[in-house]
Colleague: 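Here it is, the structure, as structure tokens.
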Amino acid sequence: MKKVMLVFGTRPEAIKMCPLVNEIKSRPGEFETTVCVTGQHREMLEQVLRVFDVVPDHDLAIMKPGQTLFDVTCDVLLRLKAVLEAERPDVVLVHGDTTTSFAAALACFYLQIPVGHVEAGLRTRDIYSPWPEEFNRQAVDIVSGYYFAPTEASRRNLLDEGKPTDRIWVTGNTGIDALATTVREGYAHPELEWARGSRLILVTAHRRENLGEPMHRMFRAIRRVMEEHPDTKAIYPIHMNPLVRKAAHEELDGFDRLRIVEPLEVLDFHNFMAASHLILTDSGGIQEEAPGLGKPVLVMRDTTERPEGVEAGTLKLVGTDEDVICREFSRLLSDADEYARMSRASNPYGDGHASERIADVLAG
Ligand code: UD1
Ligand code: UDP
């Protein structure tokens, strides 16, 4: 029986790893499963664990307010060592591109424990964009022994770097597995009632490279355009990072057609996406979820590692220049043809069965 440990620490990792935890746990004859959370996030992680009913075996509890990359890397590395030495798993699964994933993979490398990378092979090839995530994902792929690539394009990225073809499996993205169970007909929420009758704009923002002036420009652009379009209302579930909160309140307070709300539980967030007219974000995961729902996304970043959604027409990169965001946002609100072109549903990121495929590979 294979001893599998899953290590994750932030909201998006949890959303994409919990379906896999539950799949692996549903096969007790094949796997002995251990879940270790680093606690890089706290409230935002716990929201997800609750929804998926996942109870961690270990919690490294590293989060501190305003933590730096040094804090996260050092604390994960040192605290995970003891857990790995005690558990001695046959394989450790990490996800994506966070500092939790990077430090956990490094800890496994130091102890010579095989690593499986879920969501392997995404690339912008610019280690400063997104920062530090592009470095993190490339570094995890240096030490991995199993590459679970979500798409054919991510498989090709890995092959281009010389990763062995027989260690790469195209599985789809486990985030799409989650989406299959969350979006519901007849879903209702008081905030959606407030927005009823208006075109609902959903906003999120958190990237480290956007903190400071870029984030101020993003918020100013959103407010400017919405002031010109009285038939819009926006809901902005705000990230818990205090720097994000400060910028958002400085730019958006006093504008009553935009509501800043606390982070939504994933079930609610997915249903808010489904009810929205369009989405403005710098998030990675939302770029994967939106195409399946046919929701246009203006991506407030200079690069994306998700070209499939751009090719499908759902995503448009608009950067963080205030005038460019204004122009593209206004256009999408005014130009029905452009809106129709971007709102065609497609599923470039998977069919909802990624977790099963990953478990099959690990069992084999
Ligand atoms: C992290 C990841 C990023 C991912 C994002 C998802 C890194 C370097 N960054 O960025 O790749 O896209 O998560 O959201 O790994 N905080 C809380 N409670 C929470 C979560 C955060 O209070 O539940 C606050 C804390 O003050 C914390 C700060 O937010 O210090 C920043 O959190 P951190 O995980 O370091 O960075 P994120 O920007 O969330
Ligand atoms: N999400 C959520 N509640 C929110 C905002 C986002 O559950 O209030 C979900 C969203 O559906 C997606 C994930 O969180 O699955 C994206 O997380 P985030 O944007 O924090 O990180 P990224 O994907 O950029 O790493």
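Both counts, for ligands and for their atoms, begin at 1 and track the order of listing. Basis for what follows: all heavy atoms, side chains included, without hydrogens, waters or symmetry-related copies.
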Colleague: State the atoms of ligand 1, each with its element, that fall below the 4.0 Å cut-off from a heavy-atom position in Pro132.
Modeller: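 In order of numbering, the contacting atoms are 8 (C).
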Colleague: To check your reading of the model: name the closest protein heavy atom to atom 13 (C) of ligand 2, its residue, and the distance in Å.
Modeller: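 I find the closest protein heavy atom is Ile15 CD1, 3.7 Å.
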Colleague: Please list the nearest protein heavy atom to atom 24 (C) of ligand 1 with its residue and the distance rounded to 0.1 Å.
Modeller: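 Residue, atom and distance for the closest contact: Met240 O, 3.7 Å.
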Colleague: Counting from 1, what ligand 1 atoms have a heavy atom of Glu43 closer than 4.0 Å?
Modeller: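 Those of ligand 1 that fall under 4.0 Å from Glu43 are 17 (C), 18 (N), 19 (C), 22 (O), 23 (O).
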Colleague: Considering the heavy atoms of Pro263, write down every atom of ligand 2 situated less than 4.0 Å from one of them.
Modeller: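 Listed by number with element: 8 (O).
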Colleague: Going by heavy-atom distance to atom 17 (C) of ligand 1, choose the closest among Arg42, Met63, Arg245, Glu133.
Modeller: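 That would be Met63.
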Colleague: Show which atoms of ligand 1 fall inside a sub-4.0 Å distance from at least one heavy-atom site of Pro65.
Modeller: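 This gives 26 (O), 30 (O) as the contact atoms.
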Colleague: For the aromatic rings, using the six-membered ring if either is Trp, is the centroid distance between His189 and Phe272 under 6.0 Å?
Modeller: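 Ring centres of Phe272 and His189 closer than 6.0 Å.
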Colleague: Hey, is Pro242 touching ligand 1 through its side chain, its backbone, both or neither, going by heavy atoms under 4.0 Å?
Modeller: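 The part of Pro242 near ligand 1 is the side chain, not the backbone.
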Colleague: Only heavy atoms of Gly284, strictly under 4.0 Å: list the atoms of ligand 2 that pass.
Modeller: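 Per the distance check, 22 (P), 23 (O), 24 (O).
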Colleague: Which bit of Leu69 is near ligand 1, meaning a heavy atom under 4.0 Å away: side chain, backbone, both or neither?
Modeller: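 Side chain only.
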Colleague: Only heavy atoms of Lys64, strictly under 4.0 Å: list the atoms of ligand 1 that pass.
Modeller: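 Per the distance check, 27 (C), 30 (O).
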Colleague: Can you find an N or O of Leu264 that's nearer than 3.5 Å to an N or O of ligand 2?
Modeller: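 Between Leu264 and ligand 2 (N or O atoms, distance only) the closest approach is under 3.5 Å.
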Colleague: Ring pair (Phe, Tyr, Trp, His ring centres under 6.0 Å) between Tyr128 and Phe135: does it pass, once the steps are laid out?
Modeller: CA-CA 8 Å; Tyr128 288 97; Phe135 165 81; 9.8 Å; no
Colleague: Side chain, backbone, both or neither: which part of His239 comes within less than 4.0 Å of ligand 1 when only heavy atoms are counted?
Modeller: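 It is the side chain that touches ligand 1; the backbone stays farther off.
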Colleague: Could you tell me whether Thr99 and ligand 1 have an N or O pair separated by under 3.5 Å?
Modeller: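 Between Thr99 and ligand 1, an N or O pair is found under 3.5 Å apart.
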Colleague: Look at atom 31 (C) of ligand 1 and say which protein heavy atom is nearest, naming residue and atom and giving the distance to 0.1 Å.
Modeller: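 Nearest neighbour among protein heavy atoms for atom 31 (C) of ligand 1, to 0.1 Å: Asn241 ND2, 3.7 Å.
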Colleague: In terms of residue, atom name and distance, what is the protein heavy atom nearest to atom 7 (O) of ligand 2?
Modeller: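 That would be Val266 CA, 3.3 Å.
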Colleague: For ligand 2, find out whether one of its N or O atoms is nearer than 3.5 Å to an N or O atom of Glu265.
Modeller: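 By distance alone, the answer is no.
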Colleague: Please name the residue in the list Lys246, His216, Arg223 that meets the side chain to side chain donor-acceptor pair (under 3.5 Å) test with Glu251.
Modeller: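 Looking at Lys246, His216, Arg223, the match for Glu251 under the side chain to side chain donor-acceptor pair (under 3.5 Å) is His216.
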Colleague: Any nitrogen or oxygen of Arg207 lying under 3.5 Å from a nitrogen or oxygen in ligand 1? Just yes or no.
Modeller: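 Right, the criterion is met.
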Colleague: Taking only heavy atoms of His270 into account, list the atoms of ligand 2 that are under 4.0 Å away from them.
Modeller: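 In order of numbering, the contacting atoms are 11 (O).
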Colleague: Heavy-atom contacts with Thr98 under 4.0 Å: which atoms of ligand 1 show up? List them by number with element.
Modeller: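 In order of numbering, the contacting atoms are 11 (O), 15 (O).
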Colleague: Considering only non-hydrogen protein atoms, determine which one is nearest to atom 10 (C) of ligand 2 and report residue, atom name and distance to 0.1 Å.
Modeller: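 In this structure, atom 10 (C) of ligand 2 has Glu289 OE1, 3.5 Å as its nearest protein heavy atom.
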Colleague: Would you check the N or O atoms of Arg208, main chain and side chain alike, for any that come under 3.5 Å of an N or O of ligand 1?
Modeller: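 N/O-N/O distance below 3.5 Å exists for this pair.
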Colleague: Which is closest to atom 19 (O) of ligand 2 in terms of heavy atoms, Pro130, Pro237, Gly175, Ser283?
Modeller: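 Selected option, by shortest heavy-atom distance: Ser283.
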Colleague: In ligand 2, which numbered atoms sit nearer than 4.0 Å to a non-hydrogen atom of Gly285?
Modeller: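 Ligand 2 atoms under the 4.0 Å threshold to Gly285: 22 (P), 23 (O).
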Colleague: Please confirm whether Arg207 approaches ligand 2 to less than 4.0 Å, judged on its heavy atoms.
Modeller: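 Flag set, Arg207 near ligand 2.
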